[in-house]
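Notes to accompany the following structure.
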Amino acid sequence: MNKFRKKQKRLFAALKALIVFTIVFIFVYIGAQPYIADFNQTLDLVFNYLCDILVIITLVVIFVYYSKYSKCDSFLTSVEYEINDAGYYFTSREESECSDYLNAVYNDLHSNGFAMSKDIEINDFTFDLRAYKKKEFIYTAVIEDLDKNDVVAYLDEVIDDITIKNLKRKGNAVLCFITDKANDDAVELSKTVTPLGKKETVKISICIVEPQSKKVYFRGNEESVCRKLTANYIMNCEIPIKDKFIHKDRLPFQLEFEEQMEHFNLKDFRDGKFYVH
């Protein structure tokens, strides 16, 4: 991935330089055109053709860049956040039992004007808490032993609830699991953010809380509404998150993702053959 990113950055730098040069050249030519025409009509024609050629070359380079890199850029950026994030965070809440932790979250959300629902069922899946305010959503489920299948199944129901039942086309949501134990395969998904829509106008992040260990797994290095919701209401922390709440050492799966991404190539990505989860 690093080699791929370097090539992308070089091409982007060349593209910016070409755009700047073309704009400057055209503006200078427009100002000097009457003088050039008076001096030599042939020279004026040459400069006119040069402007056209520069515009065409710039458009071609823009097309090449965005056709090659635009589709994978969002994917690579998301994976970079996953790889470079701290391994996990610590909640500032004192509650060590899942039920007590859920009640503390409920009270904070309620006092901050969220509309609250307890023990709701979405397609036979029970959420202990759903809170929303305008375009912000927090879904919470208490699961004793959390694994990857739980995360995927509950995420599907959140997507259905937001986009189909509530007909939201813009918004940010946090799917929070409060658990006694989070299995490694579930923790691997804690750094993911699910974007919906062509312009990614709906984003859903995963958060896993282990009250007994005070560990909170989520993507905390990306500035976003989801991070703010998680920090303020799940962890009861302010943004930016203080160092004492951050375990900065990365987890084994992040190192594995980093090694796996070294084999990234555009062809496999376009063919749908490259994935990290």
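For reference, positions follow the sequence shown, starting with 1.
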Under a 3.5 Å threshold, yes or no: a donor from one side chain and an acceptor from the other, between Gln8 and Asp73? yes
Write down the atom of Asn166, the atom of Tyr139, and the distance for their closest heavy-atom approach. ND2-OH, 4.5 Å
So if you build clusters from Ile, Leu, Val, Met, Phe, Trp, Tyr with side-chain heavy-atom gaps below 4.5 Å, do Leu54 and Val28 land together? no
Take the angle between the ring planes of Phe253 and Phe257 and call it parallel below 30°, perpendicular above 60°, tilted in between. perpendicular
Are Glu80 and Thr77 close enough that a side-chain donor and a side-chain acceptor fall under 3.5 Å? no
Once you round to the nearest 0.5 Å, how far does CG of Leu102 lie from CD of Glu97? 12.5 Å
How far does CE of Met261 sit from CD of Glu256, to the nearest 0.5 angstrom? 14.5 Å
When rounded to the nearest 0.5 Å, the distance separating CD1 of Ile56 from OG1 of Thr22 is 11.0 Å
Gap between atom CD1 of Ile206 and atom CG of Leu155 - 0.5 Å precision: 5.0 Å
Examine distances only and state if a side-chain atom of Arg93 and a backbone atom of Pro211 form a donor-acceptor pair shorter than 3.5 Å. no
Any side-chain to backbone donor/acceptor pair from Asn221 onto Tyr81? Under 3.5 Å, distance only. yes
Row check, Tyr106 ring normal vs Lys118 NZ/CZ: under 6.0 Å, within 45°: yes
From CA spacing to verdict: salt bridge (Lys or Arg N to Asp or Glu O under 4.0 Å), Asp161, Arg130: CA-CA 11 Å; Asp161 190 59; Arg130 180 181 65 184; 3.0 Å; yes
Crowding at CD, Gln33 (>12 non-hydrogen neighbours, <6.0 Å): yes
Polar side-chain atom of Glu210 near backbone of Ala182 as donor-acceptor pair, under 3.5 Å: yes
Ring centre gap for Tyr88 and Tyr217 strictly below 6.0 Å: yes
Is atom CG of Asp156 surrounded by more than 12 heavy atoms (other residues, nucleotides or ligands) closer than 6.0 Å? yes
Can you establish whether the number of heavy atoms outside Lys165 located under 6.0 Å from its atom NZ is more than 12? yes
Exam field: side chain Asn183 to backbone Leu146, donor-acceptor pair closer than 3.5 Å: yes
So, Thr91 side chain and Lys214 main chain: donor-acceptor pair closer than 3.5 Å or not? no
Quick one: closest heavy-atom pair of His263 and Glu259, and the distance? CD2-O, 3.6 Å
Any chain of hydrophobic side-chain contacts (each under 4.5 Å) joining Val225 to Val193? no
Distance check, rounded to the nearest 0.5 Å: Leu129 atom CG versus Phe127 atom CZ? 11.0 Å
Donor-acceptor pair, side chain of Thr201 and main chain of Arg169, under 3.5 angstrom: yes
Ring centres of Tyr132 and Phe114 under 6.0 Å apart? no
Drop me the distance from Ile234's CD1 to Cys207's SG, to the nearest 0.5 angstrom. 5.5 Å
What do you reckon, are the aromatic ring centroids of Phe39 and Tyr35 less than 6.0 Å apart? no
Atom NZ of Lys133: over 12 foreign heavy atoms under 6.0 Å: yes
Asn40 side chain vs Thr42 backbone, donor-acceptor pair below 3.5 Å: yes
Looking only at non-hydrogen atoms, find the nearest pair between Leu251 and Gly87 and report the distance. CD1-O, 3.4 Å
Determine whether more than 12 heavy atoms belonging to other residues, nucleotides or ligands lie under 6.0 Å from atom CD of Glu121. yes
Would you mind listing every ring pair (Phe, Tyr, Trp, His ring centres under 6.0 Å) that reaches into residues 159-191, with sequence neighbours excluded? Tyr154-Phe177
Arg250 side-chain N/O to Ile83 backbone N/O, donor-acceptor pair under 3.5 Å: yes
Counting heavy atoms not belonging to His247, are there more than 12 under 6.0 Å from its NE2? yes
With a 4.5 Å cut-off on side-chain heavy-atom distances among I, L, V, M, F, W and Y, is there a chain of contacts connecting Phe12 to Phe75? yes
Give a yes or no on whether Ile19 and Val55 share a hydrophobic cluster (residues Ile, Leu, Val, Met, Phe, Trp, Tyr; joining criterion: side-chain heavy atoms under 4.5 Å apart). no
Side-chain donor or acceptor of Glu200 paired with backbone N/O of Leu196 under 3.5 Å: no
Nearest heavy-atom approach of Ile120 to Ser117 is CG2-CB, 3.5 Å
Scanning both residues in full, the closest heavy-atom pair of Ala186 with Asp147 reads CB-C, 3.6 Å
Hey, any chance Ile23 and Tyr65 share a hydrophobic cluster, counting ILVMFWY side chains that come within less than 4.5 Å of each other, even indirectly? yes
Backbone of Asn107 reached by a side-chain donor or acceptor of Ser111 within 3.5 Å: yes
Quiz question: by atom type and distance under 3.5 Å, do the side chains of Glu136 and Asn172 form a donor-acceptor pair? no
State whether Lys191 and Asp85 are salt-bridged, where the test is any N-O pair (Lys NZ or Arg NE/NH1/NH2 against Asp/Glu carboxylate O) under 4.0 Å. yes
I want to check something: taking the side chain as every heavy atom from C-beta on, are Tyr29 and Asp44 in contact at a cut-off of under 4.5 Å? yes
